Amino acid sequence: KAKSNAEDALAVHPDMAGMVGLWAYNPPAILQAVEARGLTEQVKIVGFDENPVTLQAIAEGTIVGTIVQNPYEFGFRSVQYLSAVIRDQPVEVPDNKLMVVPTRVITKDNVAEFHQLTKDILAGTGPTPDYDASKYDTTKKVSMHFVTNVDDPFWDLAESGCNLAEKKFNADVEFDIPSKGQAAEQKTYVESMIANGTDGLAISVKDPGGQLQDINQWCKAMKVITVDSDAPDSDRLFYLGTDNVAAGRQAGELLAKAAPKGGKVMIFVGDLSQANANERAQGVINALFGQE
């Protein structure tokens with residue numbers, strides 16, 4: 001579908017100057033459509049996340065760059081912080097309840113180094129994120145689940161972070177991936193957790209508005225944080241992840257630099273029900289139009 005969307009856009013707008021894909025699956029699909037029309041010199045492509053095809057294309061110069069989050073740290077910090085709050089230990093949370101993990105801009109200059117880092121993480125030899133072990137009493141075993149919003153290789157890095165952290169913080173972590181990427185699947189997972197007495201939940205929310213009531217009920221049964229995709233109006237303890245507006249702005253700035261004469265730009269958003277999708281798109285638009 002992502003590929004056909006890109007093909008349709010190019011068919012209607014063959015003078016396209018740039019395309020921005022907001023999800024890991026977008027840049028490779030966009031590239032296929034652009035290459036099929038012989039427009040790799042004309043159409044500047046900017047993506048998100050660290051799909052191996054995207055990284056290879058950046059090295060080859062057919063994709064300008066990608067904005068990468070840090071799912072490895074999402075996984076590690078989720079276990080670190082949830083373990084602490086489950087044990088009633090202090091966690092320093094900003095007043096806005098947003099625990100932001102910085103993004104990186106990957107271009108041809110640093111793609112080889114970054115690609116090797118992702119390989120190391122997936123092989124279980126990635127670096128351990130900094131933390132002060134003296135702050136945590138890990139004597140008591142705790143249990144938690146990490147629930148993604150979709151089945152995507154992006155989450156493999158988060159699972160690696162969880163695997164490392166569960167050893168550091170004496171946690172039993174289950175990593176759940178909805179095969180169809182639906183809110184109903186997430187609900188089924190969480191209801192099973194509650195029945196089994198799970199202590200905590202880290203979840204990438206699929207539909208913040210539609211799941212609000214469910215999330216508030218889950219918060220009564222266990223400690224809940226949101227990761228990657230937030231539900232800011234819910235009773236979750238805090239959000240851990242990317243400042244998606246800022247990340248979108250990085251993507252827009254990268255595209256503007258690659259296509260200084262401007263022109264038509266297509267943003268491939270995906271699922272408008274997710275807060276992070278709308279926030280990234282808005283960040284791209286803000287950067288391209290010089291808005292705050």
Side-chain angles (χ1 to χ4, degrees), residues 1-51 53-55 57-70 98 100-111 114 154 208 228-230 232 241-292:
K1 180 62 176 176
K3 181 184 176 185
S4 67
N5 284 344
E7 291 170 338
D8 292 346
L10 290 170
V12 177
H13 303 284
D15 57 342
M16 190 78 68
M19 291 180 153
V20 182
L22 300 185
W23 306 103
Y25 58 79
N26 285 124
I30 294 169
L31 180 60
Q32 289 181 40
V34 170
E35 286 180 331
R37 283 186 167 261
L39 296 175
T40 52
E41 291 296 323
Q42 171 188 310
V43 181
K44 306 305 180 184
I45 303 171
V46 173
F48 267 77
D49 301 325
E50 55 284 300
N51 188 303
V53 176
T54 299
L55 298 181
I58 292 171
E60 295 171 352
T62 52
I63 289 180
V64 173
T66 187
I67 310 305
V68 296
Q69 304 175 83
N70 194 337
L98 303 178
V100 174
V101 178
T103 53
R104 290 181 63 186
V105 178
I106 304 301
T107 62
K108 199 168 187 177
D109 293 337
N110 59 359
V111 68
F114 177 75
F154 170 84
D228 174 64
S229 182
D230 195 13
T242 300
D243 179 338
N244 283 289
V245 175
R249 177 175 289 279
Q250 288 177 310
E253 290 170 349
L254 192 59
L255 179 60
K257 184 177 180 181
K261 294 182 180 180
K264 295 179 180 178
V265 173
M266 178 70 73
I267 305 173
F268 296 88
V269 180
D271 189 345
L272 283 168
S273 68
Q274 290 184 203
N276 52 357
N278 291 288
E279 290 165 357
R280 291 178 194 180
Q282 189 60 56
V284 174
I285 292 167
N286 290 351
L288 293 178
F289 286 93
Q291 301 170 349
E292 291 299 324

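Owing to the predicted nature of the structure, the values given are computational and were not obtained by experimental measurement.
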Using the side chain to side chain donor-acceptor pair (under 3.5 Å) criterion, which residues pair with [X]? Sequence neighbours excluded.
X	value
Gln250	Thr103
Ser229	none
Asn5	none

From [atom1] ([X]) to [atom2] ([Y]), nearest 0.5 Å:
X	Y	atom1	atom2	answer
Leu98	Asp230	CG	CG	6.5 Å
Phe114	Arg104	CZ	CZ	6.5 Å
Met16	Met266	CE	CE	4.5 Å

task: Run through Val64, Thr54, Leu55 and flag the one making a side chain to side chain contact (heavy atoms under 4.5 Å, CB included) with Pro27.
output: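 Only one option passes, and that is Thr54.
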message: With side chain to side chain donor-acceptor pair (under 3.5 Å) as the rule and sequence neighbours excluded, what pairs involving residues 18-40 come up?
response: Lys3-Gln32
message: Using a 3.5 Å distance criterion without hydrogens, assess whether the side chain of Asp49 forms a donor-acceptor pair with backbone atoms of Asn51.
response: no
message: Assess the residue pair Asn278 and Gln282 against the criterion (side-chain hydrogen bond (donor to acceptor under 3.5 Å, both in side chains)); give the C-alpha distance rounded to whole Å, side-chain angles, the decisive distance to 0.1 Å, and a yes or no.
response: CA-CA 6 Å; Asn278 291 288; Gln282 189 60 56; over 6 Å; no
message: Give me the atom names and distance for the closest heavy-atom approach of Thr242 to Ala247.
response: CG2-CB, 3.8 Å
- line: What one should report as the nearest heavy-atom pair of Ile30 and Val20 is CD1-C, 4.3 Å
task: Scan for salt bridge (Lys or Arg N to Asp or Glu O under 4.0 Å) pairs involving residues 12-31, sequence neighbours excluded, and state none if there are none.
output: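 Listed by first then second residue: Asp15-Lys264.
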Residue pairs involving residues 245-256 (criterion salt bridge (Lys or Arg N to Asp or Glu O under 4.0 Å); sequence neighbours excluded): none
field: Distance under 6.0 Å and angle within 45° of ring axis: Arg280 vs Phe48
entry: yes
